[in-house]
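Remarks on the structure that follows.
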Number of protein chains: 2
Amino acid sequence: MAKVEFNIACSLCDHLKDSLFNGLSPEDLSRINNHKTCVQYKKGQNIFYEGTRPTGLYCMNAGKVKVFKNNVQGKEFIIYIAKPGDFLGYRALLSEEFYQATATVLEDAKICFIPKENFFEVLQKNPVFMRRVVKAVCHEMGVMEEKLAELAHKSVRERLAANLLMLKETYGMEGEGSSLIDLALSREDLASIVGTATETVIRLLSDFKSDGLITFEGKKIRVLDAKKLAKQADLIVA
Amino acid sequence: MAKVEFNIACSLCDHLKDSLFNGLSPEDLSRINNHKTCVQYKKGQNIFYEGTRPTGLYCMNAGKVKVFKNNVQGKEFIIYIAKPGDFLGYRALLSEEFYQATATVLEDAKICFIPKENFFEVLQKNPVFMRRVVKAVCHEMGVMEEKLAELAHKSVRERLAANLLMLKETYGMEGEGSSLIDLALSREDLASIVGTATETVIRLLSDFKSDGLITFEGKKIRVLDAKKLAKQADLIVA
DNA sequence: GCGCAAACCTGACAAAAGTCATCTTTTTGT
DNA sequence: ACAAAAAGATGACTTTTGTCAGGTTTGCGC
């Protein structure tokens, strides 16, 4: 399948405001813009592979991408799901290591690639931007610490509930009293997020459905009762 | 118990070479040095608490400190064990958030505190230092991603073996064909690292001992057969 | 050195979650 | 539109791990 290129000026990108590039001077932004390559990807295509060397930064313009690690038995663990405005592959780039995870398109995506030289150039020249990147990275690390503790001590039921709520926060389209998680996740992917077996996710989801906490809309999940779900997640409900 | 102060010039610190401050110009280093406060802590004392606001950076000169989160039922999960030369509390400082974890002394420690103004001053002025900090943070993030995947898909037995090997890498004192993990960890703390119950750790450790993989030396563990331990951890053995 | 508390250990049991096998439904490619 | 493949669902069973309850040993303050 041939890669299809497209082009949108960064300054006109719908997601600039959500991105770390927001607030960059026009010169810096055009430095990024002039060197970027933008590609359309289909569902299932890979952006980068575990074990390879990063050569630049990916910036999402459209679609959804999962970033995951494969364990010895071939089971996936999904570390992150990237949405428009998100950077992709910056961790390995900034730590000067190989990619430790693979990125695969979940929903047809448009992604821009910025060669590392140009990214680093702007980073070096612009301490405010550097500071913002550091802040974002450290925040992300805090999120991961949270996940780590959750994975260590919560049951699968609690984790699934917690992850549904998290997905709702990030991808939720609010309706009247309910919220649709705008992400076409397979049961298997959901299991790879929660860190459990596919069958377990299926069983728990149908539990949650019977209890009126969620419903299914096509491939998507609608959260009907976030409060009860939070109780299932063993979170303190205000 | 009163805090006991001490003082060592950063430039003369034994652990400068292991620290991110290594390579700082004399001026920058003395900027750090002139504003730091160094305190001796006893085992069990806390350095900082989850939910409070960071006011500076801690830099370890001696001892060991555990950084952990408490879950709802009061169970600990240990995120990190800091040793001399390590920074402490930098994540929350750089992300401008509250501490998300508590730091408690495991082995009597000497720790220097650098007020955030001075740390940030050096960080702003010195892009090379900033770059090094970013690199370290991103590397640390990679380690956490690894842990996350491990926690999600490995059994407790595998995780315990893997963690013993990791502790050996960091705290191991090499002997002839064996290596002593120089860390006085309680079974409970080890359980909090692995993410399991204390009883399970006790049982598995005595399994490993029966199989000749480890022995106990006082409160410490000696790794006798790292290769077999790696097999238990389900790692690829060369 | 004594007594108390904490840490360590063991066994029995229960609960949670994984695995495997099978079946149904949905999606996809041609 | 159809066949094949993938995804989803369900039941039976096993294994892992947590929990509880009861013991012993160790370490520490007085």
Side-chain angles (χ1 to χ4, degrees), chain A residues 1 42-45 66 71-77 104-108 150-163 183-210 214-221 232-234, chain B residues 1 42-44 66 71-77 104 106-108 150-163 183-210 214-221 232-234:
Chain A
M1 199 188 297
K42 289 263 158 208
K43 181 179 170 175
Q45 286 188 302
K66 66 174 170 180
N71 78 350
V72 193
Q73 298 92 5
K75 257 191 188 171
E76 285 183 8
F77 179 75
T104 300
V105 175
L106 280 182
E107 294 177 16
D108 293 2
E150 185 180 299
L151 215 40
H153 289 307
K154 287 195 169 185
S155 70
V156 174
R157 183 182 215 89
E158 289 170 326
R159 266 146 51 201
L160 178 60
N163 275 291
L183 231 187
L185 275 183
S186 69
R187 302 293 190 249
E188 195 179 353
D189 280 335
L190 196 47
S192 300
I193 292 173
V194 174
T196 186
T198 309
E199 294 93 326
T200 307
V201 164
I202 290 172
R203 283 183 243 267
L204 289 172
L205 280 182
S206 74
D207 275 13
F208 288 168
K209 191 184 169 189
S210 316
I214 59 172
T215 44
F216 307 141
E217 268 175 41
K219 303 241 75 174
K220 294 176 182 174
I221 294 172
Q232 290 287 322
D234 196 22
Chain B
M1 199 188 297
K42 289 265 160 208
K43 181 180 170 172
K66 66 174 170 181
N71 78 349
V72 192
Q73 298 92 3
K75 256 190 188 172
E76 285 183 9
F77 179 76
T104 300
L106 280 181
E107 294 176 16
D108 293 3
E150 185 178 301
L151 214 40
H153 289 308
K154 287 194 168 187
S155 69
V156 174
R157 182 182 217 89
E158 291 170 326
R159 266 146 52 199
L160 178 59
N163 275 291
L183 232 187
L185 275 183
S186 70
R187 301 295 190 247
E188 195 178 354
D189 279 335
L190 197 46
S192 300
I193 292 173
V194 174
T196 186
T198 309
E199 294 92 328
T200 306
V201 164
I202 290 171
R203 283 183 244 267
L204 289 172
L205 280 182
S206 73
D207 276 12
F208 288 168
K209 192 185 169 187
S210 316
I214 59 171
T215 44
F216 306 140
E217 267 175 41
K219 303 242 76 177
K220 293 176 183 174
I221 294 172
Q232 290 286 320
D234 197 23

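By convention in this document, chain letters (A, B, ...) are assigned in the order of the sequence lines, proteins followed by strands, and residues within each chain are numbered from 1. Owing to the predicted nature of the structure, the values given are computational and were not obtained by experimental measurement.
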For [X] and [N], what is the distance between atoms [atom1] and [atom2] respectively, to the nearest whole Å?
X: A:I202; N: D:dT10; atom1: CD1; atom2: P; value: 8 Å
X: A:K42; N: C:dT27; atom1: NZ; atom2: P; value: 17 Å
X: B:D207; N: C:dC9; atom1: CG; atom2: C1'; value: 13 Å
X: B:E188; N: C:dA5; atom1: CD; atom2: C1'; value: 14 Å
X: B:R157; N: D:dT15; atom1: CZ; atom2: P; value: 14 Å
X: B:D189; N: C:dA6; atom1: CG; atom2: C1'; value: 13 Å
X: B:L204; N: C:dT10; atom1: CG; atom2: C1'; value: 14 Å
X: A:F216; N: C:dT26; atom1: CZ; atom2: C1'; value: 15 Å

Quick check: any donor-acceptor pair below 3.5 Å linking the side-chain of [X] to the base of [N]?
X: A:E199; N: C:dC20; answer: yes
X: A:R203; N: D:dG11; answer: yes
X: B:R159; N: D:dT17; answer: no

Legend entry - Of A:T200 and A:K219, the one whose closest DNA chain C nucleotide lies more 5':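 It is A:T200 whose nearest nucleotide is closer to the 5' end.
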Inset, instruction - For B:L185 and for A:S155, find the nucleotide of DNA chain C with the closest heavy atom, then tell me which residue's nucleotide is more 5'. - result: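 By nearest-heavy-atom nucleotide position, the 5'-most residue is B:L185.
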Inset, instruction - Determine whether A:L183 and A:K220 make a side-chain contact, defined as any pair of heavy atoms from C-beta on separated by less than 4.5 Å. - result: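 No, side chains not in contact.
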Inset, instruction - Could you tell me whether the side chain of A:E150 reaches within less than 4.5 Å of the side chain of B:F77, counting heavy atoms only? - result: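 Contact flag for B:F77/A:E150 side chains = no.
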Inset, instruction - Using a cut-off of strictly less than 4.0 Å, decide whether A:K154 has a side-chain nitrogen or oxygen near OP1 or OP2 of D:dG18. - result: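 The answer is no; no side-chain N or O of A:K154 sits under 4.0 Å from OP1 or OP2.
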Legend entry - Shortest side-chain distance from B:K75, nucleotide among D:dA9, D:dT17, D:dT19: D:dT19
Inset, instruction - Run the salt-bridge test on A:K42 and A:D108 with the 4.0 Å N-O cut-off and return the result as yes or no. - result: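 A:D108 and A:K42: salt-bridged.
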Inset, instruction - Salt-bridge test for A:E199 and A:R187: reply yes if a basic N is under 4.0 Å from a carboxylate O, no otherwise. - result: no
Inset, instruction - Hey, could you give me the NE2/CD distance between A:H153 and A:E158, rounded to the nearest 0.5 Å? - result: 12.0 Å
Inset, instruction - May I ask you to say what A:T198 touches in the nucleic acid, namely base, sugar-phosphate or nothing, with a heavy-atom cut-off under 4.0 Å? - result: nothing
